[in-house]
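First comes the structure, then the notes that go with it.
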Amino acid sequence: MVRVSGKIRRLLVDAGLVSEAEWNQARDKGGNVLDGLLAAGTVPEPHLLDVLARASGVAPVDLAHAAPDPAAIEAIPQETCLEHQVLPVSKNGDLLTIAVSDPFDVLLLDDLKRRTGCQIRQVLASPPALVKALERAFQTGAKQVDALLGEVHGSTDQIEVKADGQTVAELSDQALEGQGEDSPAVKLANLMILKALKEKASDIHVEPGDKVLRIRYRIDGAMRQVMTPPKGILPALISRLKIMASLDIAERFVPQDGKFQAKFEGRTIDFRLSILPVVGGEKAVMRILDGGSAALKLDTLGYEPVTLEHIRKAINAAYGMMLVTGPTGSGKSTTLYSCVQEVATPDVNVVTVEDPVEYRMDGINQVPVNPKRGLTFAGALRSILRQDPDVVLVGEIRDTETADIAVKAALTGHLVLSTLHTNDAPSTITRLMDMGVDPFMVSSSLLCIGAQRLARKICEGCRRPLELPEKELLSIGFKPEEIHGLKLWQANPDGCGRCSGGYKGRFAILESLYLDEQLKRMIVERRSVHDLRAEAIRQGMLTLRRVGLLNAMRGRTSLEEVLRTTLEE
């Protein structure tokens with residue numbers, strides 16, 4: 001157990017952060033006193049670091065976003081680091097930077113100087129952050145994989161992976177000698193998938209490093225490193241993933257794309273695998289498509305009332321086109337699926353053309369695009385229009401031909417739903433015209449455009465109040481009448497037991513532009529995006545930034561997250 005110096009106790013008591021009785025009570029429980037005070041919420045972590053940093057002159061560091069230098073790790077034995085809870089962070093010549101939780105332990109500092117022969121520079125970290133960083137730094141390779149396997153050993157959760165109707169167990173015996181179900185590569189692949197599903201990750205990244213293999217998950221839109229197994233397992237692991245997706249395991253120098261399915265907790269989950277040759281080997285990214293998250297009703301997506309009114313007005317029209325725009329991974333498909341589920345009734349024929357079919361829906365005819373076999377968006381769309389559809393969902397308008405067919409379909413009695421890659425709703429209009437669609441056709445076919453982003457929900461269990469000057473709030477976009485009594489929050493970067501980095505889950509921010517006669521006339525006149533945007537705002541359109549600020553005022557997200565996900569107006 002690491003002893004906490006008496007000076008820290010005096011500093012905390014003098015600062016009014018803890019009483020003598022509270023300190024003694026935490027000490028009597030055993031373990032690290034600071035750990036107990038922090039876990040109980042008696043001493044807030046930011047206040048602890050602030051007091052220690054001011055008294056010692058040692059700068060604090062965020063270890064959650066700092067990767068220790070391998071040369072620094074080698075400078076101090078693992079046993080010493082774990083015993084004294086110090087983490088070597090970087091090494092520049094004979095200057096060694098170490099993270100400590102007690103900057104007043106002079107004897108430890110002298111001992112490390114003598115052992116390493118280096119000048120020691122300290123940086124400050126809280127005990128919990130230091131423990132997590134030590135675990136990441138030293139539980140690598142086989143030890144880390146064994147430890148993670150131990151977490152799920154004996155669990156009732158099981159996954160069954162299939163590729164093209166065959167179980168991977170059958171494929172592996174045929175395709176790759178030594179890749180049986182008990183091999184390290186097979187165990188690691190299954191572990192990655194199982195852990196990702198439990199943590200509700202959207203993507204799994206497998207990346208070769210200089211000495212280790214880095215495995216990261218994207219959770220709620222943010223990347224998080226979860227494992228660093230030895231690099232030697234990379235070829236076998238990549239081969240295993242290729243087998244799962246029915247790819248060529250002998251080809252290592254060209255990109256490959258494939259897919260497979262996994263059954264988990266009674267539901268089937270799709271995986272899209274992308275293999276890319278990079279320096280040091282091959283990188284693999286798996287996109288997780290969980291159909292359970294797509295069955296959402298429009299009312300549950302949290303849109304602003306005016307936005308929801310625009311969407312419902314568009315999807316209940318007899319014909320026309322509604323577009324949802326935004327970058328990859330902004331939830332466009334989920335929004336369109338929710339729209340389709342609202343209009344899909346036994347008396348409505350709904351057909352989709354997608355690349356790939358992300359979520360399977362009962363009662364909907366879904367067509368997967370296959371360019372290798374000559375089935376493109378445009379070709380599939382032509383055939384769909386001969387299938388007597390009422391509603392057509394086009395996964396993405398990628399080219400002029402698809403755009404032209406979609407617009408003509410919207411003008412001939414079909415409701416067309418699709419996506420496009422643009423930054424906001426008004427710029428979608430000029431994007432269509434740049435693709436060669438006549439302005440009159442655009443104005444006649446378009447009903448509504450939605451520009452979407454995904455923002456992270458702030459954790460209500462550990463969020464902190466945020467105070468900003470009135471001038472800064474006005475410059476961000478708040479109205480003068482909103483500033484009085486305004487209560488904003490910021491995320492705790494260290495998080496708590498219920499969140500990851502102060503956030504848990506995501507929600508959609510949607511800017512909707514419903515086209516009335518005035519806007520349609522401006523489109524025919526080829527007015528600029530600036531003019532279209534100004535007119536839409538005059539009519540009451542809520543911009544992405546404005547919707548984000550409204551959610552920040554409600555305490556649903558942080559102001560930092562709003563500024564990150566939306567453009568300045």
Side-chain angles (χ1 to χ4, degrees), residues 164-165 257 259 270 272 289 291 294-295 311-325 332-421 428-429 431-450 515 520 523:
D164 293 337
D257 296 298
K259 60 184 179 180
D270 292 322
R272 308 295 180 209
L289 303 173
I311 293 175
R312 282 216 163 98
K313 192 175 178 181
I315 64 176
N316 288 317
Y319 60 89
M321 182 161 64
M322 188 184 87
L323 297 176
V324 181
T325 74
K332 301 187 298 294
S333 296
T334 299
T335 297
L336 286 186
Y337 281 129
S338 299
C339 293
V340 165
Q341 289 202 342
E342 181 138 328
V343 300
T345 57
D347 58 339
V348 175
N349 181 23
V350 182
V351 186
T352 76
V353 51
E354 307 167 63
D355 181 23
V357 174
E358 295 189 10
Y359 306 106
R360 296 183 181 179
M361 297 181 288
D362 291 335
I364 307 297
N365 303 289
Q366 297 176 269
V367 180
V369 167
N370 192 336
K372 293 181 180 179
R373 297 185 178 180
L375 184 59
T376 62
F377 270 112
L381 192 50
R382 285 196 192 91
S383 298
I384 284 174
L385 295 178
R386 293 193 288 269
Q387 291 283 316
D388 186 30
D390 297 301
V391 179
V392 178
L393 187 153
V394 183
E396 182 183 346
I397 295 178
R398 296 179 178 175
D399 51 52
T400 301
E401 187 179 11
T402 305
D404 186 60
I405 298 172
V407 167
K408 289 179 179 177
L411 292 173
T412 54
H414 306 92
L415 178 63
V416 178
L417 310 176
S418 189
T419 69
L420 202 63
H421 287 281
T428 305
I429 296 167
R431 171 66 177 145
L432 284 172
M433 291 191 286
D434 289 342
M435 294 176 75
V437 181
D438 184 86
F440 177 77
M441 302 283 281
V442 173
S443 68
S444 301
S445 61
L446 270 181
L447 297 170
C448 180
I449 305 169
L515 281 78
K520 289 177 180 288
I523 293 173

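Under the salt bridge (charged side-chain N to carboxylate O under 4.0 Å, His left out) criterion, K408 pairs with D404, not counting sequence neighbours. In this view, D399 and T402 satisfy the side chain to side chain donor-acceptor pair (under 3.5 Å) rule, not counting sequence neighbours. Residues satisfying the salt bridge (charged side-chain N to carboxylate O under 4.0 Å, His left out) criterion with R382, sequence neighbours excluded, are E401. Annotation: side-chain contact (heavy atoms from CB on, under 4.5 Å) contacts of T412 (sequence neighbours excluded): H414. The side chain to side chain donor-acceptor pair (under 3.5 Å) check on T325 picks up T422, with sequence neighbours excluded. In terms of the side-chain contact (heavy atoms from CB on, under 4.5 Å) criterion, residue partners of A314 (sequence neighbours excluded) are, by chain and number, M322, L447, C448, Y514. Take D388 and apply the side chain to side chain donor-acceptor pair (under 3.5 Å) test, not counting sequence neighbours, and it matches no residue. When the side-chain contact (heavy atoms from CB on, under 4.5 Å) test is applied to S445, the partners found at least two apart in sequence or on another chain are M321, V407, A410, L411. Remark: L375 engages V367, N370, A380 in a side-chain contact (heavy atoms from CB on, under 4.5 Å) (not counting sequence neighbours).
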Under 3.5 Å, side-chain donor or acceptor atoms of residues 389-397 against the rest of the protein: list the pairs with distances, not counting sequence neighbours.
from : atom 1 : to   : atom 2 : distance (Å)
D390 : OD2    : N349 : N      : 2.8
E396 : OE1    : R398 : NE     : 3.3
E396 : OE2    : H421 : NE2    : 3.3

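Using a distance-only test at 3.5 Å, with no hydrogens or angles considered, no donor-acceptor pair links the side chain of S418 to the main chain of L323. Listed for the Q366 side chain is a donor-acceptor partner under 3.5 Å among the backbone atoms of M361. When atom types are taken as modelled, the side chain of S443 and the backbone of F440 share a donor-acceptor pair closer than 3.5 angstrom.
Residue pairs satisfying the salt bridge (charged side-chain N to carboxylate O under 4.0 Å, His left out) criterion with at least one member in residues 335-344, sequence neighbours excluded, are listed as follows: R312-E342.
Separating the CZ atom in R386 from the CG atom in L381 is a distance of 10.5 Å, to the nearest 0.5 Å. To the nearest 0.5 Å, atoms CD1 (I384) and OG1 (T352) are separated by 6.5 Å. Taken to the nearest 0.5 Å, the NZ atom of K332 stands 14.5 Å off from the CG atom of L417.
The only option from V416, T428, L432 that meets the side-chain contact (heavy atoms from CB on, under 4.5 Å) definition with L446 turns out to be L432.
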- Task: Please assess M435 against L420 for the test side-chain contact (heavy atoms from CB on, under 4.5 Å), listing each intermediate value before the final yes or no.
- Result: CA-CA 11 Å; M435 294 176 75; L420 202 63; 4.3 Å; yes

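Nearest heavy-atom pair across I315 and V343 is O-CG1, 3.5 Å. Between I311 and C339 the shortest heavy-atom distance is CG2-SG, 3.7 Å.
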